[in-house]
Amino acid sequence: MSHEPTEPRSLHFIEEIVEADRLSGKHGGRVLTRFPPEPNGYLHIGHAKSICLNFGLAKAWGGATNLRFDDTNPVKEDVEYVDSIREDVQWLGFDWKGEFYASDYFPFMYDYAEYLIGQGKAYVCDLSEAEIREYRGNFHVPGRPSPFRDRAPEESLDLFRRMRAGEFADGARVLRAKIDMHSGNMNLRDPLMYRIRRAHHHRTGDAWCLYPMYDYAHGVSDALETITHSICTLEFEDHRPLYDWFLDQDTEGKFFQRPLPRQIEFARLNLTYTVMSKRRLLQLVQEGIVRGWDDPRMPTICGLRRRGFTPESVRAFAERVGVAKRDMVADAGLLDFCIREDLERRAPRRMAVLRPLKVVITNMGDNEAFEVELPNHPEDTTMGTRTMPFTRELFIDHDDFREEAPKKWFRLAPGAEVRLRGACLVTCQEVLKDAAGQVVELRCTWDPASRGGNAPDGRKVKGTLHWVSAVHAIPAEVRLYEPLFSQEDPMDVAEGQDWKTLLNPGSLETLTDARLEPSLGAALPGERFQFERTGYFVVDPDSATGKPVFNRTVGLKDSWVKIEAKG
RNA sequence: UGGGGAGUGGUCUAAUGGUAGGACAACGGUUUCUGGUACCGUCAGGUGAGGGUUCAAAUCCUUCCUCCCCAACCA
């Protein structure tokens, strides 16, 4: 019962490259990709796209994928994040071949750096940070060579070793690649390879006081692992010449196995009504706008998980959005579609009343109560059945009653007859209100002949409502979620406007008095259900025995709101 | 005004010189004890714009326009 799309589909541009490499025998038929997160934040749906791409590609071509933590900046990274990243990749359904850390390669990188110095391809520069910036020029002004650019390799080597030995203060000197200060590509204006940073590293501890920069470390790590295709996002496109440069300097072939890995860039995922940048996500968490990284409103993998998404649905989503090079913003509605599509066939049905309205069946005695047997899935009988008690006092949803029935209203209203799912037909005879004029109770009569759900006379009843027995129902908390932002592109903030004014104030609605059918009392955290007529829900870890908490993953499609909107 | 990318219905994506197709969304209908699902149908782009090559152009050439990325000792 796979939900993965299996229809033959034309290859996207990265698949074409991989296929062309296979046909040409470039890597001897080998495909090895890598997923290289920096352990400085939680993974989000955008990472999921990259994970699915990298692991999916390898799988399709009989290859494998390494998980590599890109931990070259100890001041920003932490083990807390590596654990969550591992968990999230696994949850998505992928197994990595090797688990590596860029820091595993620090000794190798150091040796290669010494080699490059010896070859006159790198030099130690004593300029300050501000001076380096100034010498680098800008888009319109070519850079000027550092006064240390032509320092003798022997001198640079000596200095570099002393940098490593801890003789110099943080920021006092850096190692730079000697490329082209006049390049139109700023990345090639003698980029930094190493900076001195006395920071405790989560893996190497205090063994190093200098750390390599991304551009140097990344390609070297890829080459060392014999990665065949190094896939990253568009903003690294003009880093590619640098990526290649560092590896190409191994002219004697003493350091890397050939052929060298190839960097390929694709467009990162953006989603409507949410933000994806680590900075914004971190802000949401730190300022308490959401409850944490796994708040069900967050686009993080752990947030989606807590929200009730399945790994299959996230993978299907990644497949559907596709892979290309144009900047893209996927419709959040597509994600809703993917999870509905998955849960539609696998979530057992249950009855749950979100906003209870009491209904008393006036012509039914307490001793007339009966059991109703209901299928767990209307189209899949293998999912079995369960029973629910039908009694004189019930709850239905407030949303299913209108004192003044609008046009095409099939639900309950004074004098109207509806079906209570699986049980019988009832007619509303009387409406009881409190002092404030709020409807608090409905007095109805039932047609005993309709027991089971249909009247023997064959009369048609269009409305079918969900219900629970008042005395048997389990009280529960239900959390309803809406998009975090009220604007499609939350990054589109007007001058002088705080982006937080774009937050959707109704992104979380907590219902504290929902009533569930009895069988739901045994539900365990993570279990998913369809509450009939309302949506898909998952048991939240906040649940306590006797006091379950449910999250709405996504609502059912609701054509009534459209009908009513049209008048 | 430097360098690097990208422009196909509302959104995403295909078509690799030969009928612009699919998915989501939207709209309408059939079925239905979930206003769900399923099924059927409709709408919607002449492919950023102009010029050229060709029997034939989204695809090749050319000029222009628009959008995105780059001036961290971040990744």
Side-chain angles (χ1 to χ4, degrees), chain A residues 5 7 9-12 16 36-38 40 70-73 75-77 125 128-129 132-133 136-143 170-171 173-176 182-189 191-197 210-211 213-215 217-218 232-241 265 267 269 272 278 319-338 340-341 344-345 349 351 374 377-379 408-411 418-423 425 452-454 461-466 530-535 555-564:
Chain A
E7 311 139 26
R9 193 206 65 220
S10 55
L11 302 181
H12 63 241
E16 280 181 352
E38 182 187 15
N40 72 341
D70 216 337
D71 54 354
T72 57
N73 187 0
V75 307
K76 286 167 65 181
E77 295 147 8
C125 181
S128 71
E129 190 171 349
I132 287 175
R133 188 167 24 245
R136 188 154 39 215
N138 58 46
F139 296 154
H140 314 291
V141 179
D170 285 13
R173 289 179 225 265
V174 294
L175 182 70
R176 292 230 252 169
H182 297 276
S183 174
N185 183 343
M186 301 295 291
N187 297 122
L188 266 22
R189 317 247 264 225
L192 273 58
M193 292 171 64
Y194 274 95
R195 75 286 216 190
I196 302 172
R197 196 99 115 194
L210 77 181
Y211 293 93
M213 303 287 291
Y214 166 86
D215 286 304
H218 202 90
C232 61
T233 44
L234 253 26
E235 67 269 26
F236 292 101
E237 209 146 17
D238 49 18
H239 290 236
R240 195 189 331 131
E265 312 84 15
L269 172 73
T272 55
K278 274 181 184 170
E319 180 71 27
R320 278 172 202 267
V321 293
V323 177
K325 292 195 71 156
R326 33 202 303 218
D327 295 325
M328 57 93 76
V329 185
D331 190 336
L334 183 60
L335 195 52
D336 289 347
F337 171 82
C338 290
R340 281 196 197 106
E341 178 188 46
E344 154 62 25
R345 62 189 112 183
R349 311 293 132 120
M351 301 251 225
L374 288 155
H377 193 293
E379 278 92 38
K408 294 187 182 165
W409 178 259
F410 301 157
R411 283 118 93 152
V418 297
R419 173 164 37 238
L420 294 181
R421 176 129 231 231
L425 303 181
N454 281 307
V461 176
K462 278 190 168 173
T464 299
L465 311 186
H466 56 282
Q530 184 198 97
F531 289 174
E532 292 211 34
R533 305 208 313 127
T534 58
L556 254 30
K557 277 172 73 176
D558 186 351
S559 56
W560 165 247
V561 295
K562 290 176 190 170
I563 293 167
E564 186 172 38

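Naming convention: chains lettered A, B, ... in sequence-line order (proteins, then strands); numbering from 1 in each chain.
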Distance, C1' atom - from A25(B) to C12(B), rounded to whole angstrom:
11 Å
Atom pair distance, as rounded to whole Å: CZ in Arg189(A) and P in G3(B)
11 Å
C1' atom, U31(B) versus G17(B): distance in rounded Å?
46 Å
Tell whether Arg411(A) reaches the base of G35(B) with its side chain through a donor-acceptor pair below 3.5 angstrom.
yes
If you compare all heavy atoms of Arg189(A) against all heavy atoms of Gly137(A), which two are closest, and at what distance to 0.1 Å?
NH2-C, 3.8 Å
For Asn185(A), is there any backbone N or O sitting under 3.5 Å from a side-chain donor or acceptor partner on Asp238(A)?
no
Output the distance between atom CG (Leu465(A)) and atom CZ (Arg419(A)), rounded to the nearest 0.5 Å.
9.5 Å
Using the C1' atom as the reference point in each nucleotide, state the distance between U66(B) and A71(B) in Å, no decimals.
24 Å
Can you find a side chain N or O atom of Arg9(A) that sits less than 4.0 Å from OP1 or OP2 on G22(B)?
no
Whole-Å C1' distance, G35(B) and G28(B)
15 Å
Which value, rounded to the nearest 0.5 Å, describes the distance between Glu532(A) atom CD and Arg421(A) atom CZ?
4.0 Å
So Met213(A) and Asp215(A), do their side chains get closer than 4.5 Å, heavy atoms only?
no
With B for base contact, S for sugar-phosphate-only contact and - for none (protein heavy atoms under 4.0 Å), nucleotides 69-75 of chain B reads BBBSBBB
When Arg340(A) and Gly453(A) are each assigned the nearest nucleotide of RNA chain B, the 5'-most assignment goes to Arg340(A)
Minimum-distance nucleotide (side-chain atoms of Pro378(A) versus U34(B), G4(B), G35(B)):
U34(B)
Could you state the atom-to-atom distance from NZ of Lys462(A) to C1' of U31(B) in whole Å?
14 Å
When you compare the protein's N or O atoms with those of nucleotides 38-40 of chain B, which come within less than 3.5 Å of each other, and at what distance?
none

Rounded to whole angstrom units, what separation is found between the NE2 atom of His377(A) and the P atom of U34(B)?
13 Å
Integer angstrom distance from the C1' of G5(B) to that of C39(B):
44 Å
Rounded to whole Å, the CD1-C1' distance (Ile563(A) to G29(B)) equals 13 Å
If anything within 90° of 0 is syn and all else is anti, what is A49(B)?
anti
Ignoring hydrogens, what is the shortest heavy-atom contact between Pro241(A) and Leu188(A)? Give both atom names and the distance.
CB-CD2, 4.1 Å
So what does Leu188(A) hit on the nucleic acid, given a heavy-atom distance under 4.0 Å: a base, only sugar-phosphate, or nothing?
nothing
Mind checking Glu237(A) for me? I need base, sugar-phosphate or nothing, with any heavy atom below 4.0 Å counting as a touch.
sugar-phosphate
From NE2 (His466(A)) to CZ (Arg349(A)), nearest 0.5 Å
14.5 Å
Is G21(B) in the syn range, within 90° of 0, or in the anti range?
anti
Atom pair CG/CG of Leu556(A) and Asp336(A) - distance to nearest 0.5 Å
11.5 Å
Pull out every protein N or O sitting under 3.5 Å from an N or O of nucleotides 9-16 of chain B, one pair per line with the distance.
unit_1, atom_1, unit_2, atom_2, d
U11(B), O3', Val329(A), O, 3.3
U11(B), O2', Val329(A), O, 3.1
C12(B), OP1, Val329(A), N, 3.3
C12(B), O2', Val321(A), O, 2.4
A14(B), O3', Ser10(A), OG, 3.3
A14(B), O2', Ser10(A), OG, 3.4
U16(B), N3, Glu16(A), OE2, 3.3
U16(B), O4, Glu16(A), OE1, 3.3
U16(B), O4, Glu16(A), OE2, 2.2

Do side-chain atoms of Arg195(A) reach the backbone of Gly171(A) as a donor and acceptor pair under 3.5 angstrom?
no
Rounded distance in Å between the C1' positions of U19(B) and G2(B)
45 Å
With Lys325(A), which residues qualify under side chain to side chain contact (heavy atoms under 4.5 Å, CB included), at least two apart?
Phe13(A), Leu234(A), Glu237(A), Glu265(A)
Whole-Å distance, Glu265(A) CD to G4(B) P, equals 13 Å
Aromatic rings His218(A) and Tyr214(A): how do their planes relate, parallel, tilted or perpendicular, breaks at 30° and 60°?
tilted
Residue pair Gly453(A) / Leu425(A): nearest heavy atoms and the distance that separates them
O-CD2, 3.7 Å
Rounded distance [0.5 Å steps], CG in Asn138(A) versus CE in Met186(A):
6.5 Å
For RNA chain B, what string of dots and brackets results from 5' to 3' when Watson-Crick and G-U pairs need both distances under 3.5 Å, crossing pairs get [ ], and pairs with another strand get |?
.((((((..((((....[..)))).(((((.......))))).....(((((..]....))))))))))).....
Would you measure the distance from the C1' atom in G48(B) across to the matching atom in C55(B) and give it in whole Å?
27 Å
If you measure from the C1' atom in G21(B) to the same atom in A15(B), how many Å do you get, rounded?
7 Å
Could you state the interatomic distance from CD (Gln530(A)) to CD (Glu344(A)), rounded to the nearest 0.5 Å?
6.5 Å
Sorted by chain and residue number, the side chain to side chain contact (heavy atoms under 4.5 Å, CB included) partners of Asp558(A) (sequence neighbours excluded) come out as Trp560(A), Val561(A)
